There are 4 protein chains.
Amino acid sequence: MRKSPKQQRSQKMVDALIEATGRAIAEHGLAHASTNHIAVLAGVSVGSLYQYFDSKGALLEALLDRLSRDLAGLIDQRIDSLLDADVRSTVHGLLSAVFAFMQKDEGLYLELARNWHQLHSMRVVDVLERHMFEVCRLYLLRHLNQFRIANPHAVLFVIINSTLMTLIRYLSQPNSHLRKDEIIDCLSDMLAAYMQSLNEAPVKA
Amino acid sequence: MRKSPKQQRSQKMVDALIEATGRAIAEHGLAHASTNHIAVLAGVSVGSLYQYFDSKGALLEALLDRLSRDLAGLIDQRIDSLLDADVRSTVHGLLSAVFAFMQKDEGLYLELARNWHQLHSMRVVDVLERHMFEVCRLYLLRHLNQFRIANPHAVLFVIINSTLMTLIRYLSQPNSHLRKDEIIDCLSDMLAAYMQSLNEAPVKA
Amino acid sequence: MRKSPKQQRSQKMVDALIEATGRAIAEHGLAHASTNHIAVLAGVSVGSLYQYFDSKGALLEALLDRLSRDLAGLIDQRIDSLLDADVRSTVHGLLSAVFAFMQKDEGLYLELARNWHQLHSMRVVDVLERHMFEVCRLYLLRHLNQFRIANPHAVLFVIINSTLMTLIRYLSQPNSHLRKDEIIDCLSDMLAAYMQSLNEAPVKA
Amino acid sequence: MRKSPKQQRSQKMVDALIEATGRAIAEHGLAHASTNHIAVLAGVSVGSLYQYFDSKGALLEALLDRLSRDLAGLIDQRIDSLLDADVRSTVHGLLSAVFAFMQKDEGLYLELARNWHQLHSMRVVDVLERHMFEVCRLYLLRHLNQFRIANPHAVLFVIINSTLMTLIRYLSQPNSHLRKDEIIDCLSDMLAAYMQSLNEAPVKA
DNA sequence: CATGAATGAGAGTTCATTCAT
DNA sequence: TATGAATGAACTCTCATTCAT
């Protein structure tokens, strides 16, 4: 970012541009979301756009960062009430919250998720993965006596990404015949069963 | 495809172009893989490219289709020996084969997987998902007495996509500190545990 | 047109581009008048060309429209002084004016007329024909008692197009041994004789 | 033409290519009538096309030449029966024949006339004009005592081109509400009246 | 600071022409 | 002699970026 937004006005402009970027991608796909179009959607000139962002790439980065931060914040909001619950309830609660989140802002995030494959989207997953690692660490600390995990790094990687990536896959499909609560239920069940099994028959690796 | 390649030479050209497309994307990313660049990599002229493919998009489709077909074929090769095994062994076997596959062709597929987010990659997942659905159906028929699944559509969606998408995620990371057999083990364990649990406490949905 | 030219500068650009288009066609023929070439002649970049015109076709349309409009305006200028004269004088006056017009702008229009066959030039004739129809209608109204025309549509079509198309044909020839006033005289005589004859022996159709 | 067609086969090929050229232009317009397309329509390969014609331009020239020759031949066929008639009947007869000609060959020539403005079509008019000059000369010789023309070059130019160009203009319009016999009648009347008037009040020039 | 007209490199695509078979 | 796959220059058009106002 060229300028640190010192004034309210600047911050608003930055926000408007990021949101416009999201909206432009949602409408036209990444390839046809031009800087001019973004500027129009944001209600400013292209020149102004370049006063706050070095390049189109910087705009995209900022959008993905905001998306990551928003999703991470969402998790943090619920974390306290979820850390005490059992695995199934925790996963269930988190996924429900994510789904709810995706539908706000007039479906902007949903539309973005549908254009997921066009975004340099792994950045968001990276951030979320790191965040979820931390959440999981906290969760496991609280339930220390319940779980004995031989290879926590790999297990957490599989758990977190199975959930996130299946969610992305589900959201990427424009017309699925599956309801979101069916997906949430199955994912919750799967993770609960896996966590349960880890105690009974420890992982070999 | 504009011309049906009747001669060996033509088929070779088609293959060369598809491979060059893969290589160009792997090297420079989808956005900078221009038709001219692809033609140079394939050792032919742009004109030739357009004698065999209607557009750049058609080339990409062909590449993704070949990737899908190759991966589907890979599954089919192993299917007989895997259908009789238990869930864990089956998943383990399949994933091992996929990993092996990704490393041939001088790592082209691996590099493609790393650029996954730039591809219209859901096409491949679509095909693989459909293929895996069929494989799972066959598997469940053979082990009819072992599994009672209340909501097979949702369960299969979660099982298949958890595996595929986690795999993609793993392959997308250039430098993971996790070894591939750790991932395979965990995924195998998770699915085995899930399948097992379905009999004991049937899904609610 | 992509942008409505709000400022003087914009209108100048539009004009420069249209004129450059005319010049490019006059110099190299329609087939070799590329957008880049036109932009260079206009002293701007290709990008600017496409900010003011949607396509090369739109540029050509604009050129032809300007030509039509200019010629139509030319007719309107003289209309009052011509409507009262006899047929011969009217035709004579109009054609003289057209010839004069073709020689201004450093002979651009003359050169365009010589490349006539390469233009989608019927558009200009269409407009001029419609305009001339109206002029002729006014003329006939003023001389109502002189002419009784059985099939006015066909007669006007033949009168107008004989004049226009013969003029075009004459201008298309780079080196004619006929002087323009010879052509004007003959055309005037022919139309005068024809109009005269219509009263004496009405058309059969 | 690269080769003088020594054998029947060659002549057939040349003819087939010229006709295919006409058909391709009639179907797709000059700009989109590619050599490959022409070759396909002619039932030969592009390579063969280039054995008989140096370039696409040469093909177009040959087509226009054939068109000119065919039209000139048409005039010659009727010439004897027309030279003795009065001006009106002669013009009427000639135009009727031309219209009939345009409708043979499944309307190929008609379609070509509609694409007239895209052709380098003045070549045809050139040839026809020269031919018509000769015909008119013969006509005037036979009716020497009837017509006294002060400026025969200009008069013939206007007469011939008024007729030809108005005809072209009429044929160029896809949907005219005027019938062809209306056009023929008016043109005949006009020329007859003009010729008549030349005796009464000689041209001034 | 904001603007948006201007830029121009580079994209995808076409097609007249050639030449090894 | 006939073929048609291969060529590549040239085309139209886009859009991230700049800079005079």
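In what follows, chains are A, B, ... by sequence order, proteins preceding strands, each numbered from 1. Note that the structure is predicted; figures quoted are calculated from it, not measured.
We find that CG of C:L30 is positioned 13 Å from C1' of F:dC11, with the value rounded to whole Å. Rounded to a whole Å, the CG atom of D:L49 is 13 Å from the P atom of F:dG4. Summarising the geometry, the separation between CD1 on A:I25 and P on F:dC15 is reported as 14 Å, rounded to the nearest angstrom. To the nearest angstrom, C1' of F:dT3 lies 13 Å from CD of B:Q51. Between the NE2 atom of D:H37 and the P atom of E:dT17 there is a distance of 17 Å, given to the nearest Å. As rounded to whole Å, 13 Å separates atom C1' of F:dT17 from atom CG of A:L59. Distance D:L17 CG to F:dT3 P: 11 Å, rounded to the nearest Å. Separating the CZ atom of A:F53 from the C1' atom of F:dT17 is a distance of 16 Å, rounded to the nearest angstrom.
Using a cut-off of 4.0 Å between Lys/Arg side-chain N and Asp/Glu carboxylate O, D:E27 and D:R23 are scored as not salt-bridged.
Between C:I18 and C:F53, some side-chain heavy-atom pair lies under the 4.5 Å cut-off. Proximity of C:R123 to C:D65: side-chain heavy atoms (C-beta onward) are separated by under 4.5 Å at one or more points.
In this structure, A:T35 and A:L49 approach most closely via the heavy-atom pair O-CD1, 3.6 Å. Taking every heavy atom of both residues into account, A:S68 and A:V127 meet most closely at CB-CG1, 3.5 Å. D:N115 approaches D:A26 most closely through the heavy-atom pair ND2-O, 3.7 Å. The shortest heavy-atom contact between A:I38 and A:A20 is O-CB, 3.4 Å. What you find for A:A42 and A:A16 is that their closest heavy atoms are CB-O, 3.8 Å.
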Taking only N/O atoms, report every protein-nucleotides 10-12 of chain E pair under 3.5 Å with atom names and distance.
unit_1 : atom_1 : unit_2 : atom_2 : d
E:dG12 : OP1    : B:K56  : NZ     : 2.5
E:dG12 : OP2    : B:T35  : N      : 2.8
E:dG12 : OP2    : B:T35  : OG1    : 3.2

- Go ahead and write out DNA chain E as dot-bracket, 5' to 3': ( ) for pairs within the strand, [ ] for ones crossing earlier pairs, | when the partner sits on another strand, dots for unpaired; Watson-Crick or G-U wobble, both distances under 3.5 Å. .||||||||||||||||||||
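For B:S48, no side-chain nitrogen or oxygen approaches OP1 or OP2 of F:dA5 to under 4.0 Å. An OP1 or OP2 oxygen of F:dA6 is reached within less than 4.0 angstrom by no side-chain nitrogen or oxygen of B:S45.
Atom CE of B:M13 and atom OG of B:S10 lie 8.5 Å apart (nearest 0.5 Å).
Ranked by how close their nearest DNA chain E nucleotide is to the 5' end, B:G57 and C:V44 are led by C:V44. Comparing D:G43 and A:G47 along DNA chain F, the residue whose closest nucleotide (by nearest heavy atom) sits nearer the 5' end is D:G43.
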